[in-house]
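Only one structure is covered here, and it is reproduced in the block below.
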There are 2 protein chains.
Amino acid sequence: MTSTLGFAILAVLARGPRTGYDLAAVMRRPVSYFWTAGHSQIHTELQKLRAARLIDYETEHGPGPQDKKIYRLTDDGREALRDWVTEPPRERPERDELVLKTYAAWLAEPGLVRRMFADQLARHEERLAQYERDAASFGSPPAFGDPGFGNYATLRCGLSYERHRADWCRWMIAQLGDGG
Amino acid sequence: MTSTLGFAILAVLARGPRTGYDLAAVMRRPVSYFWTAGHSQIHTELQKLRAARLIDYETEHGPGPQDKKIYRLTDDGREALRDWVTEPPRERPERDELVLKTYAAWLAEPGLVRRMFADQLARHEERLAQYERDAASFGSPPAFGDPGFGNYATLRCGLSYERHRADWCRWMIAQLGDGG
DNA sequence: AATCTCATGTAAGCTGTTACATGATTTA
DNA sequence: TAAATCATGTAACAGCTTACATGAGATT
């Protein structure tokens with residue numbers, strides 16, 4: 001059974017062939033704003049995907065000790081990806097350390113809690129600014145059927161998420177007053 | 001080093017002593033709306049927390065083959081929890097299968113994608129309704145310093161999150177039109 | 001000469017899920 | 001008497017992170 005990571009890789013390869021190194025570079029920052037993977041994870045998964053005949057590769061020489069492998073989707077891979085896309089996602093429980101800390105925040109000094117939230121807020125505002133720059137680089141929204149639709153729709157989710165997060169941080173900071 | 005799960009358990013025990021079974025019942029549905037754990041995870045973690053002297057227990061007899069153990073925070077445990085609360089959360093990458101699917105949705109039939117999102121929307125609306133009932137059960141917002149503040153603040157986050165999610169689902173459905 | 005980028009992989013460890021295993025007391 | 005609840009644990013596996021390991025070619 002192909003893992004979600006496997007489908008994440010297939011989703012990237014569906015847009016064009018890449019080396020493992022290249023995939024790792026792309027997936028270091030979240031693909032679709034909500035999925036990351038490290039290079040070691042990717043190389044082992046590529047071997048599994050190949051064993052399942054969902055991808056294949058061509059070799060080119062250099063640089064480095066091993067040959068360079070350029071991976072691409074097989075027809076089976078494309079079909080598997082298309083089928084997976086519309087299957088309901090298996091819901092794994094949300095885990096959020098900041099919210100958990102908030103649950104126990106009543107034990108701590110308000111000033112320290114406020115500082116932590118101010119810090120988090122800054123991060124969210126930074127990401128939001130980045131996402132807004134990303135959004136500005138889209139002219140008109142891409143149509144469904146265009147790969148760009150995926151980028152656009154996931155960016156929208158990222159924007160909405162960061163706004164929700166930033167709003168909540170601001171609310172928390174307001175609750176904590178200006179003492180401390 | 002105590003894991004986040006460990007602190008999640010400490011956060012629950014900070015509100016009163018409990019058995020492992022009892023903890024498992026509480027943590028089956030997300031504590032703070034954003035942290036769950038299964039009973040097998042909890043029992044092994046309780047042993048680690050005890051070895052680190054962050055909790056201790058009293059035994060009572062029955063029911064079952066082993067004695068019942070009632071766990072509670074030690075002073076060290078309370079201190080460790082208080083310190084942890086205001087440390088910046090280590091950011092683990094967001095992973096969201098639905099958003100990843102969206103990234104590859106351009107390959108699939110719009111009608112099937114729309115059905116999936118309608119399904120997800122229904123789940124979010126259900127949770128939202130539940131959270132709103134939870135919110136109604138609070139009279140006036142608890143003050144910081146009261147354990148109830150943790151419940152209230154995390155519920156606020158849950159509400160905001162579900163609204164963001166539901167909004168995005170609705171936007172996606174609108175993008176997909178009403179064709180089949 | 002040193003460092004950075006490209007390029008591949010393996011291994012150890014931690015976290016979390018699912019399944020296995022036992023058994024007394026209470027309720028239907 | 002059958003099933004649900006209370007109560008404890010272990011084991012196997014899957015997924016992710018971090019560290020280990022190598023080395024050519026290009027740049028500074």
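Below, chain A is the first sequence line, B the second, and so on; all start at residue 1.
Within a heavy-atom distance below 4.0 Å of DNA chain C, the residues of residues 32-43 of chain A found are A:His39, A:Ser40, A:His43. Residues of residues 78-105 of chain A that place a heavy atom closer than 4.0 Å to DNA chain C, in numerical order, are A:Pro93, A:Arg95. Taken residue by residue, residues 9-24 of chain A places no heavy atom nearer than 4.0 Å to DNA chain D.
Listed by chain and number, the residues in a side-chain hydrogen bond (donor to acceptor under 3.5 Å, both in side chains) with B:Asp146 amount to none (sequence neighbours excluded). With sequence neighbours excluded, no residue forms a salt bridge (Lys or Arg N to Asp or Glu O under 4.0 Å) with B:Asp134. Annotation: salt bridge (Lys or Arg N to Asp or Glu O under 4.0 Å) contacts of A:Arg15 (sequence neighbours excluded): none. Not a single salt bridge (Lys or Arg N to Asp or Glu O under 4.0 Å) links B:Arg95 to another residue, sequence neighbours left out. By the side-chain contact (heavy atoms from CB on, under 4.5 Å) test, B:Gln175 is found to be paired with A:Phe149, B:Trp171, residues two or more places apart in sequence or in another chain being considered. Scored by the ring pair (Phe, Tyr, Trp, His ring centres under 6.0 Å) test, B:Tyr161 finds A:His164, B:Phe34, B:His164 as partners (sequence neighbours excluded). Judged as a side-chain contact (heavy atoms from CB on, under 4.5 Å), and not counting sequence neighbours, B:Glu126 has no contacts.
If you take CE of A:Met1 and P of C:dT18, they are 13 Å apart, rounded to a whole angstrom. Between A:Met27 atom CE and D:dC16 atom P the separation is 10 Å, expressed in whole Å. Distance CD (A:Glu45) to P (D:dA14): 12 Å, rounded to an integer number of Å. Regarding A:Arg28, its CZ atom lies at a distance of 14 Å from the C1' atom of D:dT18, rounded to whole Å.
Of the side-chain N and O atoms in A:Lys69, one or more sit less than 4.0 angstrom from OP1 or OP2 of C:dG9.
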Using atom types as modelled, flag every donor-acceptor pair under 3.5 Å from a side chain in residues 43-58 of chain B to any protein atom, sequence neighbours excluded.
{"from": "B:Thr44", "atom 1": "OG1", "to": "B:Ser40", "atom 2": "O", "distance (Å)": "3.2"}
{"from": "B:Thr44", "atom 1": "OG1", "to": "B:Gln41", "atom 2": "O", "distance (Å)": "2.9"}
{"from": "B:Glu45", "atom 1": "OE2", "to": "B:Ser3", "atom 2": "OG", "distance (Å)": "3.4"}
{"from": "B:Asp56", "atom 1": "OD1", "to": "B:Arg72", "atom 2": "NE", "distance (Å)": "3.0"}

Checking B:Leu128 against B:Arg163 for the side chain to side chain contact (heavy atoms under 4.5 Å, CB included) test, could you report, in this order, the C-alpha distance in whole Å, the side-chain angles of both residues, the deciding distance, and whether it holds? CA-CA 7 Å; B:Leu128 199 51; B:Arg163 282 187 192 125; 3.9 Å; yes

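Annotation: salt bridge (Lys or Arg N to Asp or Glu O under 4.0 Å) contacts involving residues 75-90 of chain B, sequence neighbours excluded, comprise A:Glu97-B:Arg90.
Heavy atoms from other residues, nucleotides or ligands lying under 6.0 Å from CZ of B:Arg115 number 12 at most.
Comparing B:Gln47 and A:Lys48, the nucleotide of DNA chain D nearest to each residue sits closer to the 5' end for B:Gln47.
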